[in-house]
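Let me begin by presenting the structure, written as structure tokens, before commenting on it.
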There are 2 protein chains.
Amino acid sequence: MTTLKDIAKAAGVSHATVSRVVNNGPKVGPVLRDKIHKLIIEMGYRPNANARALVTNKSTTIGVVIPDVSDPFFATLANGIDKVSRQQNMQLLISTGSLSAESEREAINLLLERRCETIVIHSKKIADDELITLFKAHPHFVLIDRYIADIKDRCVWLDNNEGGKIAARHLLALKHRQFACITSTFDIDDPKLRLAGFVDELAKANITFDSKNLVSAEPTLQGGEIAAQTLLASGQDFSAIFVYNDAMAIGAISTLEDNGYSVPKDVSIIGFDDVLLARYSRPKLTTLQYPIDLMAQHAAQLALRNSQEPRIATNKLKFIPQLIKRESTSTYFK
Amino acid sequence: MTTLKDIAKAAGVSHATVSRVVNNGPKVGPVLRDKIHKLIIEMGYRPNANARALVTNKSTTIGVVIPDVSDPFFATLANGIDKVSRQQNMQLLISTGSLSAESEREAINLLLERRCETIVIHSKKIADDELITLFKAHPHFVLIDRYIADIKDRCVWLDNNEGGKIAARHLLALKHRQFACITSTFDIDDPKLRLAGFVDELAKANITFDSKNLVSAEPTLQGGEIAAQTLLASGQDFSAIFVYNDAMAIGAISTLEDNGYSVPKDVSIIGFDDVLLARYSRPKLTTLQYPIDLMAQHAAQLALRNSQEPRIATNKLKFIPQLIKRESTSTYFK
DNA sequence: TTGAAAGCGCTAACAG
DNA sequence: CTGTTAGCGCTTTCAA
């Protein structure tokens, strides 16, 4: 590829001068400037970003650690970050670290080697302690979708617990009194927090959640189908189900309807996340919105701000899921 | 950040030696090697990828130009590339260039500056000529989702025309004789090719497609809803609709059902793409599968192979959409 | 087996 | 306004 020197040689000037015109630097004579500009176009010169990064110690790159690009949730997350990075003329470097501590660590390391300006990390598997150490060492890291008290001003997170409470209040207001829950088998905090919030809120209304009505499965559509089958087979009574996420909720609905139960007439269902699917399932799904796009944008802004001194953390860090009332929940009357 | 020199100083050796142990290079004494290894861990050394890229002229980066990370189609594309790049210890640099020639160009340039090992480009707006010139200048580029004859051994593409034909054959076999089409207003080739294939195949069966039954809208769910309304309002007769993509098809279905038409009983609908939604809509959508994940993997492999001499192009380049028969189409009988 | 030295392409003083 | 120079962190000969 053409380099600064090539241009300099062709123009009969020093490479410093060429560098100046490339960077619109301090005054260069208009004649020279024009001549060099022409040469740059003609010879198809493109500055080498690596060389630049090396000398300036800036990389115009924002790194993102996510488990999987194709998952709509993470795709939306990445997109949120991309939106703000484009505004700042930065680029997205994605490092996929799927759900093991080892691979998350590896993903972070790769980004570290790239000397990204800043890094937004979605990590569910690395332990709190390790993350805390890591974040102390790298002031430009930001954690998304997870709250750790010791580094709380660098966590952009959703209050899952509150989400569970909101779900409970919604169903309670609809006069439901017997509940079931479908949760995820994945060993992360989110399902526990959502469930705990839900159960706590029931308790406040003097309802003890019967753990026989709790079923776990994989957090997928199929998982939801299976969980609903289990629930049905158990012969327990319930008029409403709080489901870990929308995919499972939609799976559960299809099982229920296949078994002659109508949603919401016989059973109310509430999901979590508000993915695209939720809006177009039949019945349309009542759910709790996970504003991941917005959160990602905030995380990116925070990250960018943290990457430069002085660090000011005025960002919104904690997000509350919002109830999206659609058609899968209704008043209980029997 | 810690550098090679820091480690060298701490170990009392030259930085060349440290470089050797970092790269498992030619024999370094086992004692030294151990000592240095320890120091590397202790001091948290991470090689600077930019410096490395500069000197080796390799970047272990694979660039991707797509309009939008959050669109499930492109997210899947990116994921396909990510899969093969991970295998090769490469990383994904995403450059979003939305739907204007200028921004696509800009996205490519940014990747060029990064000296990516190779670049997979999804471009719908840059003219053929310009792309041809660009590709001649950069033998490591690969074009995805578009076919240009002059650079055909570097295009990984779907035969959209054939897709239209397959749709037509399917509906014809189901005894439909009166058709409508919903197409996209976006000024790219895909909708035209799909439609042309569809119409041509009808012609083979001696059916002239009535252009009054053709409606265009934005290629989104809402677009599909609107298009179906227009179709309904026109009062034309048809028993089957070939829709540009799944999102529009699902939108069309919801409009039809809201207006008292049952799918597929009254109207058969066939989509295109086979996105996730297609599998979980009600009725489940009959559609043509766009194997974008697979295509992206092939593109990445081709790209990687093209980035090193000698260039051998043994890859599969042309893909044919496959009919996925679900519930939204059925035999016509009236 | 190890070190010295050159240089990748660029920016940023510092001179002139 | 322009050139000279040093050096970013690293790999890679070439010597020792």
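Every chain is numbered from 1 and lettered A, B, ... according to where its sequence line falls, protein lines coming before strand lines. Atoms considered below: every heavy atom in the structure, side chains included; atoms not considered: hydrogens, waters and symmetry mates.
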Tell me which of N23(A) and T56(B) sits closer to the 5' end of DNA chain C, going by the nucleotide each one is nearest to.
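First, find each residue's nearest nucleotide; the 5'-ward one identifies T56(B).
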If you assign each of N57(B) and G29(B) to its closest nucleotide in DNA chain C, which residue comes earlier from the 5' end?
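The residue closer to the strand's 5' end, by nearest nucleotide, is G29(B).
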Ignoring hydrogens and angles, does a donor from either the side chain of R115(A) or the base of dG9(D) sit under 3.5 Å from an acceptor on the other?
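Answer is no: no donor-acceptor pair is held.
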R46(A) (side chain) and dG9(C) (base): donor-acceptor pair under 3.5 Å
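Per atom types, no contact qualifies.
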Please state how far atom [atom1] in [X] lies from atom [atom2] in [N], giving the value in whole angstrom units.
X       : N       : atom1 : atom2 : value
R20(B)  : dT12(D) : CZ    : P     : 11 Å
R33(A)  : dC1(D)  : CZ    : P     : 10 Å
R114(B) : dG9(C)  : CZ    : C1'   : 15 Å
H15(A)  : dT4(D)  : NE2   : P     : 10 Å
K5(B)   : dA5(C)  : NZ    : P     : 13 Å
L112(A) : dG9(D)  : CG    : C1'   : 15 Å
K58(B)  : dG9(D)  : NZ    : P     : 23 Å

Nearest to the side chain of [X] - [options]?
X      : options                  : answer
Y45(A) : dT2(D), dC10(C), dT13(D) : dC10(C)
V55(A) : dT11(C), dG9(D), dA5(C)  : dT11(C)
V13(B) : dC8(D), dT2(C), dG3(C)   : dG3(C)

Is [X] close enough to [N] that one of its side-chain N or O atoms is under 4.0 Å from OP1 or OP2 there?
X      : N       : answer
R52(B) : dT11(D) : yes
T17(A) : dG3(D)  : yes
S19(B) : dT11(D) : yes
T3(A)  : dG9(C)  : no
N48(B) : dC8(D)  : no

Are a donor atom and an acceptor atom from the side chains of D189(B) and N160(B) found within less than 3.5 Å of each other?
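There is no such pair (donor and acceptor under 3.5 Å, judged by atom type) between the side chains of D189(B) and N160(B).
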Indicate whether the side chain of T61(A) and that of R114(A) have a donor and an acceptor atom separated by less than 3.5 Å.
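Judged by distance alone, the side chains do not pair up.
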In plain terms, say whether [X] and [Y] are close enough for a salt bridge, that is, a side-chain N and a carboxylate O under 4.0 Å apart.
X       : Y       : answer
K83(A)  : D293(A) : yes
R105(B) : E130(B) : yes
R46(B)  : E113(A) : yes

